[in-house]
S.K.: 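One structure follows; several queries about it will come next.
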2 protein chains.
Amino acid sequence: MKINTKFPMAVHILALLAMKDEMGEDCGCMQEEEREGGRGDCGCHSSGNEGCSCTSEMLAKSIGTNPVVVRRLISSLKEAGLVNCRPGVAGASLGRDASQITLLDVYRAVRGQEDGMVLDVHTKACPRCPVGKNITAALEEPFARAQEAMEEKLREYTLSDIAFSIEEKRKK
Amino acid sequence: MKINTKFPMAVHILALLAMKDEMGEDCGCMQEEEREGGRGDCGCHSSGNEGCSCTSEMLAKSIGTNPVVVRRLISSLKEAGLVNCRPGVAGASLGRDASQITLLDVYRAVRGQEDGMVLDVHTKACPRCPVGKNITAALEEPFARAQEAMEEKLREYTLSDIAFSIEEKRKK
DNA sequence: TAAACCTGTAACTATAATTGTTACAGGAGG
DNA sequence: CCTCCTGTAACAATTATAGTTACAGGTTTA
């Protein structure tokens, strides 16, 4: 693992929620299961006809991680208004329509609350050397602009796009 | 420290080399020293009038790291044609004019040779779930586009710009 | 209201990536 | 030939990230 698998995991969660919405009670795992003629092993497949309730455990199995990791992510997503959930009651749902949630929203929701730049500076430069003293400040603007450019691109993709893309690939 | 302090460190090295070029034998540390009326403690100040020879040890002191780290970075930079250096002979110099070296060149020279994307995917998604099976592929394009956008922005800045920026801040 | 199940969160552990360090072979130059 | 430097391998330390355990409290159902 490298940096920030939180971001793709969060998108994964939201995609599951989005596809559950589109498909009613069934998150899509059931169809898959019927087509392949066997039980999946990811556990996000429910055992009856009641469909996917999207508990943290089921989501975790689909993602391949721990339920607590999922809850932590959902906690961040909730804070950003991207999901609805309540203590004690199973499942989560999208906070607004999938077409109104961009990848940038997700990125910002789950990145570390501090700076959260993809490009980092080094912090131990010699404070008495003309270069060491000023290099950090000199890199500030380029790095901020690069960050902006990346974020603007993320803004161009919505959760609908991702869900659609998953559907397309699934059909193949 | 977070991810990739190699990149800012590499820029730091190149900035030192660039400013050494502009100032002849003296990398600029001497002026700083005279102005402040005392010896700096970063060691990139030479002790006589012979100026900065930009050995890995001096560069390391300015950056605040180990000489071996500097040599490793220089090794990558050399491979990319951004610096010249020879075994056994002290110092390094720019491989081409500072105006012809972009931050993207530096970024590419020092990032891990593998994928090297700033946005990462999670790899343990359930292979039997329709979402888990396709989410990675669905994220590929958005993440690649975001990467491109960031890289294009880095391409807009040259080492000259950075050196100029450092000079400006230094005068204040 | 008791039982079962879920969320939310803290605290801790494990793991993996990055950085730092030691050591040494070999080139360059006085 | 002595000193200093680069280049690199091998290893240690550090740090960030993810995973885990544990538990308090909410909700639903019977």
Side-chain angles (χ1 to χ4, degrees), chain A residues 1-10 12-13 43 46-47 50 52-61 63-79 83-93 110-125, chain B residues 1-10 12-13 43 46-47 50 52-61 63-79 83-93 110-125:
Chain A
M1 263 148 278
K2 301 200 297 190
I3 189 183
N4 235 2
T5 58
K6 281 194 294 184
F7 179 37
M9 284 181 176
H12 191 144
I13 290 170
S46 55
S47 50
E50 74 277 13
C52 179
S53 59
C54 292
T55 64
S56 60
E57 190 182 347
M58 287 177 176
L59 297 173
K61 291 229 177 95
I63 294 171
T65 185
N66 194 284
V68 176
V69 172
V70 171
R71 287 185 219 135
R72 281 199 286 241
L73 288 171
I74 286 181
S75 177
S76 299
L77 294 171
K78 180 180 189 172
E79 199 175 353
V83 307
N84 294 319
C85 55
R86 303 207 325 271
V89 53
S93 57
V110 299
R111 78 169 159 197
Q113 40 275 51
E114 352 71 77
D115 45 9
M117 304 275 281
V118 291
L119 299 177
D120 205 18
V121 294
H122 59 309
T123 53
K124 295 189 296 189
Chain B
M1 261 147 281
K2 300 201 295 188
I3 189 184
N4 233 359
T5 57
K6 281 192 295 186
F7 179 37
M9 284 180 177
H12 190 143
I13 289 170
S46 58
S47 53
E50 74 276 17
C52 178
S53 59
C54 293
T55 64
S56 60
E57 189 181 349
M58 286 177 175
L59 296 173
K61 291 230 175 96
I63 293 170
T65 186
N66 194 287
V68 176
V69 172
V70 170
R71 285 184 220 138
R72 281 200 286 240
L73 288 170
I74 286 180
S75 177
S76 299
L77 294 171
K78 180 179 190 172
E79 198 174 354
V83 306
N84 295 319
C85 54
R86 302 209 324 272
V89 54
S93 57
V110 299
R111 77 168 160 198
Q113 39 274 51
E114 352 74 76
D115 45 8
M117 305 274 282
V118 292
L119 298 177
D120 204 17
V121 294
H122 59 310
T123 52
K124 294 188 297 190

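All heavy atoms count here, side chains included; hydrogens, waters and symmetry mates do not.
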S.K.: Report the distance from atom CD1 of A:Ile63 to atom P of D:dT20, rounded to the nearest whole Å.
M.R.: 14 Å

S.K.: Between B:Leu73 (CG) and C:dT18 (P), how many Å, whole number?
M.R.: 13 Å

S.K.: What's the CG-P distance between B:Asn84 and D:dG7, to the nearest Å?
M.R.: 11 Å

S.K.: Of all heavy-atom pairs between A:Lys6 and A:Val110, which one has the smallest distance, and what is that distance?
M.R.: NZ-O, 3.3 Å

S.K.: As a test of reading the structure: which of D:dA18, C:dG20, C:dG8 is closest to the side chain of A:Lys124, going by heavy atoms?
M.R.: C:dG20

S.K.: Could you tell me the separation between the CD1 atom of A:Ile13 and the C1' atom of D:dA18, rounded to a whole number of Å?
M.R.: 14 Å

S.K.: Over all strands shown, is A:Arg86 touching base, sugar-phosphate only, or nothing at heavy-atom distances under 4.0 angstrom?
M.R.: sugar-phosphate

S.K.: Is there side-chain contact between A:Arg71 and A:Pro67, with at least one heavy-atom pair below 4.5 Å?
M.R.: yes

S.K.: Any donor and acceptor pair, going by atom type alone, linking the side chain of A:Lys124 with main-chain N or O of B:Ile63 inside 3.5 Å?
M.R.: no

S.K.: On DNA chain D, compare the nucleotides closest to A:Val68 and A:Gly88; which residue's is nearer the 5' end?
M.R.: A:Val68

S.K.: Testing the basics here: between A:Asn66 and A:Ala60, what is the closest heavy-atom pair and its distance to 0.1 Å?
M.R.: C-CB, 3.6 Å

S.K.: For A:Gly64 and A:Arg71, take the nucleotide of DNA chain D holding the closest heavy atom to each; which residue's nucleotide lies nearer the 5' end?
M.R.: A:Gly64

S.K.: Taking the side chain of A:Val89 as its heavy atoms from C-beta onward, which of D:dG7, D:dA18, D:dT27 lies nearest to it?
M.R.: D:dT27

S.K.: Would you compute the distance between atom SG of A:Cys85 and atom CD1 of A:Ile74 and round it to the nearest 0.5 angstrom?
M.R.: 6.0 Å

S.K.: Would you mind telling me which of C:dG8, C:dT22, D:dT21 lies closest to the side-chain atoms of B:Asn66?
M.R.: C:dT22

S.K.: For the side chain of A:Arg72, counting heavy atoms from C-beta on, which of D:dT6, C:dG20, D:dG19 is nearest?
M.R.: D:dG19

S.K.: For B:Ile74 and D:dG7, give me the distance from atom CD1 to atom P, rounded to whole Å.
M.R.: 7 Å

S.K.: What is the distance, rounded to the nearest whole Å, between atom CG of B:Asp120 and atom P of D:dT17?
M.R.: 12 Å

S.K.: Let me know the distance between NZ of A:Lys78 and C1' of C:dC6, rounded to the nearest Å.
M.R.: 13 Å

S.K.: Between D:dT8 and B:Ser75, is there an OP1 or OP2 to side-chain N/O distance shorter than 4.0 Å?
M.R.: yes

S.K.: Given atom CG of A:Leu59 and atom P of C:dG8, what is their separation to the nearest angstrom?
M.R.: 12 Å

S.K.: Counting only side-chain N and O atoms of B:Ser56, is one of them less than 4.0 Å from OP1 or OP2 of D:dT6?
M.R.: yes

S.K.: OP1 or OP2 of C:dG20 versus the side-chain N and O atoms of B:Thr65: is any pair under 4.0 Å?
M.R.: yes

